[in-house]
Amino acid sequence: MPPKSQKVKRTKKMAAAPYVAKQPPKKETNPLIEKRARNFGIGGSIQPKRDMTRFMRWPNYVRLQRQKQVLYQRLKVPPSINQFKQTLDKQTATQLFKLLHKYRPESKPEKKERLKALAQKKAEGTEDATAAPKKPLVLKYGINHITTLIEQKKAQLVVIAHDVDPIEIVVFLPALCRKMDIPYCIVKSKARLGALVHKKTATAVVLTQVKNEDKGSFNTIREAIKLNYNDRFDDIRKRWGGGVVGEKAKAAKAKLEKIKAKELASRMG
């Protein structure tokens, strides 16, 4: 008789519990503060602040000066006009304006006080009425007066503003100074020159004479200016300005060159 096979008892296994993600602890919220979602549609919440510079309607004078600046970059600018972009360096300009500040002409209240004191002295008899008053050493301004001083070779240094409009008022001055062998320089700006002579703006100012104590510093500045402007006149009159294309034009040109290079590569390959 064959041996009886032993019966194996099968036990039922419990199914594994489904994966439950651990929930983060709930934040305690204040029941008094209610969350309100904002709606930025028409008639909804107030719109957030945005930079609206590009959409602003700028005044006419602002648009004109910006357009003029862009045109000067895009178009070819002749050397006679382009030279006004080459202004004096900051260090020399600071020294120059310190010197010019000492030779400011008297203001209207100062003149009034001087004439009053002079009249009082004459009335008292302490001042000689026939004696001519001593000529003060001050800056000369006014384009016609400056031109005359240069032509008569009385000017020792000519300072021209870079932002004169229309530029035709001063465009001839550098050539005239070069012809008469008088040092000249171009500085920023007409308002800064105007402040020296008690005016809103000044196209140019001239120094005809300086005091003995200022001669050393004046000669140093004069030599530096002559080296930068008068001695470089031949180089300045050959240098054109402008011809700078915008970002869109640059991108279009680069795209075209890329297509051409790709075509050439396909032909060669």
Side-chain angles (χ1 to χ4, degrees), residues 65-66 68-69 72-73 77-107 136-143 145-147 149-150 153-165 167 169-244:
Q65 67 191 17
R66 286 179 181 177
K68 186 182 175 183
Q69 192 181 6
Y72 270 142
Q73 287 176 344
V77 182
S80 56
I81 295 170
N82 188 53
Q83 67 181 332
F84 288 93
K85 283 187 179 179
Q86 298 169 40
T87 53
L88 198 65
D89 63 279
K90 195 177 178 182
Q91 191 181 347
T92 317
T94 309
Q95 291 172 0
L96 175 66
F97 275 96
K98 273 183 185 175
L99 179 70
L100 295 178
H101 200 270
K102 294 178 183 179
Y103 296 92
R104 294 180 77 190
E106 61 184 359
S107 60
L137 300 176
V138 291
L139 289 169
K140 310 291 180 186
Y141 61 98
I143 197 69
H145 189 198
I146 286 169
T147 308
L149 289 170
I150 294 167
K153 292 194 174 182
K154 287 181 181 177
Q156 288 194 15
L157 179 65
V158 182
V159 184
I160 309 162
H162 86 298
D163 55 347
V164 178
D165 187 40
I167 198 74
I169 294 168
V170 290
V171 81
F172 66 93
L173 274 183
L176 183 64
C177 291
R178 171 86 162 80
K179 189 183 177 184
M180 295 297 174
D181 197 29
I182 293 165
Y184 75 95
C185 66
I186 296 158
V187 296
K188 295 177 181 179
S189 63
K190 62 183 179 183
R192 201 175 176 189
L193 288 183
L196 289 170
V197 292
H198 311 290
K199 300 283 178 188
K200 279 185 183 178
T201 57
T203 52
V205 294
V206 160
L207 261 178
T208 51
Q209 241 179 331
V210 290
K211 294 168 188 171
N212 289 332
E213 62 263 27
D214 294 325
K215 276 187 178 176
S217 59
F218 175 68
N219 288 334
T220 309
I221 294 164
R222 197 164 176 256
E223 285 304 312
I225 285 167
K226 201 170 184 182
L227 195 70
N228 281 336
Y229 288 92
N230 293 58
D231 296 348
R232 287 182 57 244
F233 191 78
D234 291 325
D235 177 44
I236 290 166
R237 70 178 181 182
K238 289 175 187 174
R239 190 171 291 179
W240 284 68
V244 180

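Small disclaimer: the values here were computed from a predicted structure and weren't measured. Residues: numbered from 1 along the sequence shown.
- Rounding to the nearest 0.5 Å gives a distance of 5.5 Å between CD1 of I160 and CD1 of I186.
- Pairing each heavy atom of A224 with each of T92, the nearest pair is CB-CG2, 4.4 Å.
- Under a 3.5 Å cut-off, the side chain of R232 and the backbone N or O of N228 do form a donor-acceptor pair.
- Looking at K211 and D214, no side-chain N of the basic residue comes within less than 4.0 Å of a carboxylate O on the acidic one, giving no salt bridge.
- No donor-acceptor pair under 3.5 Å is formed between the side chain of Q86 and the backbone N or O of Q83.
- Closest non-hydrogen pair, F233 versus P174, comes out as CE1-O, 4.0 Å.
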Problem set entry | Audit row: N82, W240, side-chain contact (heavy atoms from CB on, under 4.5 Å) steps and yes/no | CA-CA 6 Å; N82 188 53; W240 284 68; 5.9 Å; no
Problem set entry | Audit row: K226, D231, side-chain contact (heavy atoms from CB on, under 4.5 Å) steps and yes/no | CA-CA 6 Å; K226 201 170 184 182; D231 296 348; 4.2 Å; yes
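- Annotation for H198: atom NE2 counts as buried by contact number, over 12 foreign heavy atoms lying within 6.0 Å.
- Between the side chain of R104 and the backbone N or O of A195, at least one donor-acceptor pair lies under 3.5 Å.
- Counting only distance, with no hydrogens or angles, the side chain of H145 and the backbone of K140 share no donor-acceptor pair below 3.5 Å.
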For this session: Just do the side-chain contact (heavy atoms from CB on, under 4.5 Å) check on F97 and L196 with the steps written out, would you?
Result: CA-CA 9 Å; F97 275 96; L196 289 170; 3.7 Å; yes
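- Between the side chain of D163 and the main chain of K188, no donor-acceptor pair closer than 3.5 Å is present.
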For this session: Could you please spell out the steps behind the side-chain contact (heavy atoms from CB on, under 4.5 Å) verdict for T220 and Q95?
Result: CA-CA 10 Å; T220 309; Q95 291 172 0; 5.7 Å; no
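- Note that CG of N230 and CD1 of I236 are 8.5 Å apart. Values are rounded to the nearest 0.5 Å.
- Scanning both residues, Y141 and V205, for their nearest heavy atoms gives CB-CG1, 4.2 Å.
- A161 and A202 make their closest contact through CB-O, 3.9 Å (heavy atoms, listed as atom of the first residue, atom of the second, distance).
- Once rounded to the nearest 0.5 Å, the distance linking CZ of F218 with CD of Q209 reads 10.0 Å.
- When all heavy atoms of T87 and V187 are compared, the pair lying nearest together is CG2-C, 4.3 Å.
- We find the CG-CG distance between L99 and L139 to be 8.5 Å, quoted to the nearest 0.5 Å.
- Put simply, CD1 on I225 and CG on D89 are 9.5 Å apart, with the number rounded to the nearest 0.5 Å.
- Heavy atoms from other residues, nucleotides or ligands lying under 6.0 Å from CD of Q91 number 12 at most.
- Rounding to the nearest 0.5 angstrom, the gap separating the OG1 atom in T208 from the CD atom in Q156 is 7.0 Å.
- Annotation: side chain of V210 is not in contact with side chain of L157 (no heavy-atom distance under 4.5 Å).
- Between L173 and I150 there is a side-chain heavy-atom pair separated by less than 4.5 Å.
- The side-chain heavy atoms of H162 and S189, taken from C-beta on, include a pair separated by under 4.5 Å.
- Side-chain atoms of Y184 never come within 3.5 Å of backbone atoms of L176 as a donor-acceptor pair (strictly under, hydrogens ignored).
- A salt bridge links R237 with D234; the closest basic N to acidic carboxylate O contact falls under 4.0 Å.
- Scanning both residues, Y229 and C185, for their nearest heavy atoms gives CE1-CB, 3.8 Å.
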